[in-house]
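Given the structure is predicted, the values throughout are model-derived calculations rather than measurements.
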Amino acid sequence: PRESVVMNPGNRLVIFSGPSGVGKGPLQAAVKEICPALVADRPILYTSRDPRVGEKQDVDYHFRSKELIKSLRGDPRFAVAKVRKDWQAIDVDAIPVVADGQVVLAEVFHSFGKVLKDMAAELSMNVTSVFLLPLPPGSEDSATEEEIRKRLNNRNADPPESIEERAKCAPVEVEAAIDYTHKIVNPAGEDNTGQWGEFGTRCNVKGKEKIKLLGDLGSDARCLVEIF
């Protein structure tokens, strides 16, 4: 056990994951805006990838070099995992102690989720894991790949070679859903600014519609937030 980490056994950690472009970012932003009393400050992950449009250093992620993040693997404070060609890490000490009725929401890469879930179990935290699917379970790999490719092209926040890599990886990533306690199909991808408003991104531009209430979201996005 990591004695340096003081955790409340009643804490609840919600880990959620899914392929690129499936809509993890907009969902997290919407839940935090619409249900501020429910979600505690999220832990900020370390990542070796480059920032996307609108992302801020030490606010959205700790953007650090691949070498630095890999070097954290021997530090018991950190959970570290490879994310395609990049690396991510989370400082367990940064997971906040929360009040009753609150959750800590952590968006993670699919392989990183198991690492963090095991670590949380070691710390006696209550953990729920959620995997967002782009299509219903059992969909053909080719359909999953094409759906993610379409969403990423619409978002247009990554270079073409990165989009192709992420699309081809999507079927393998979806297989990890079996390790998660809940699976939710999300028809409203991150590229759908009509559904997510300011929380979505299309053609590398954030949506213009301000979101303050559940009713401000499109019907698909609103349904997803209600289920979540």
Side-chain angles (χ1 to χ4, degrees), residues 14-36 38-39 42 49-56 59-61 83-84 105-110 113 130-171 173-174 176-177 180 182-228:
V14 178
I15 301 167
F16 74 110
S17 189
S20 289
V22 76
K24 302 184 295 294
L27 173 61
Q28 179 173 236
V31 170
K32 188 172 182 179
E33 178 65 36
I34 295 167
C35 311
L38 173 65
V39 182
R42 69 179 180 86
R49 71 163 174 79
D50 294 331
R52 297 195 186 110
V53 61
E55 290 182 332
K56 297 179 180 179
V59 174
D60 296 290
Y61 288 93
V83 180
R84 302 187 192 93
L105 196 57
E107 175 192 338
V108 297
F109 189 67
H110 76 278
V130 180
F131 197 95
L132 294 186
L133 296 164
L135 296 172
S139 296
E140 294 289 337
D141 287 354
S142 57
T144 296
E145 181 179 326
E146 185 55 36
E147 178 64 20
I148 291 300
R149 182 181 291 109
K150 180 184 71 175
R151 295 187 186 190
L152 293 175
N153 278 322
N154 287 339
R155 187 176 71 177
N156 195 26
D158 301 286
E161 59 273 17
S162 178
I163 289 175
E164 191 60 25
E165 178 191 7
R166 290 163 187 254
K168 288 185 177 299
C169 288
E173 294 170 10
V174 163
Y180 286 69
H182 297 75
K183 295 88 176 170
I184 304 175
V185 177
N186 180 23
E190 187 171 341
D191 61 303
N192 197 330
T193 52
Q195 290 289 326
W196 293 111
E198 63 181 308
F199 303 137
T201 303
R202 191 175 183 89
C203 297
N204 210 18
V205 177
K206 292 289 186 181
K208 295 180 179 180
E209 187 72 27
K210 294 296 182 183
I211 305 296
K212 296 297 181 184
L213 303 172
L214 187 62
D216 296 333
L217 296 168
S219 58
D220 287 340
R222 184 166 61 248
C223 181
L224 182 68
V225 171
E226 289 175 336
I227 292 171
F228 193 80

Take Ile211 and Trp196, measure what side chain to side chain contact (heavy atoms under 4.5 Å, CB included) needs, and give me the verdict at the end. CA-CA 8 Å; Ile211 305 296; Trp196 293 111; over 6 Å; no

For Lys168, check salt bridge (Lys or Arg N to Asp or Glu O under 4.0 Å) against everything at least two apart and list the hits. Glu145, Glu164

Please name the residue in the list Glu173, Glu190, Arg166 that meets the side chain to side chain donor-acceptor pair (under 3.5 Å) test with Ser20. Arg166

Evaluate the side-chain proximity of Glu209 to Asp216: yes if any heavy-atom separation is below 4.5 Å, no if none is. no

Who are the side chain to side chain donor-acceptor pair (under 3.5 Å) partners of Ser139, not counting sequence neighbours? none

So with a 6.0 Å cut-off around CD of Glu161, is the heavy-atom count from everything else above 12? yes

Which is it for Val225 and Leu217 under the side chain to side chain contact (heavy atoms under 4.5 Å, CB included) test, yes or no, and what are the steps along the way? CA-CA 9 Å; Val225 171; Leu217 296 168; 3.8 Å; yes

Atom CD in Glu198, atom OG1 in Thr193: separation rounded to 0.5 Å? 11.5 Å

Report the distance from atom CG of Leu135 to atom CD1 of Ile148, rounding to the nearest 0.5 Å. 7.5 Å

Taking it one step at a time, do Leu133 and Val22 satisfy side chain to side chain contact (heavy atoms under 4.5 Å, CB included)? CA-CA 7 Å; Leu133 296 164; Val22 76; 5.8 Å; no

What distance do Leu214 atom CG and Ile34 atom CD1 have between them, rounded to the nearest 0.5 Å? 5.0 Å

Does this structure show an ion pair linking Arg52 with Asp158, if we count only N-O contacts that are shorter than 4.0 Å? yes

Please evaluate residues Phe16 and Ile184 with respect to the criterion side chain to side chain contact (heavy atoms under 4.5 Å, CB included), reporting the C-alpha separation (whole Å), side-chain torsions for both, the decisive distance (0.1 Å), and the verdict. CA-CA 10 Å; Phe16 74 110; Ile184 304 175; over 6 Å; no

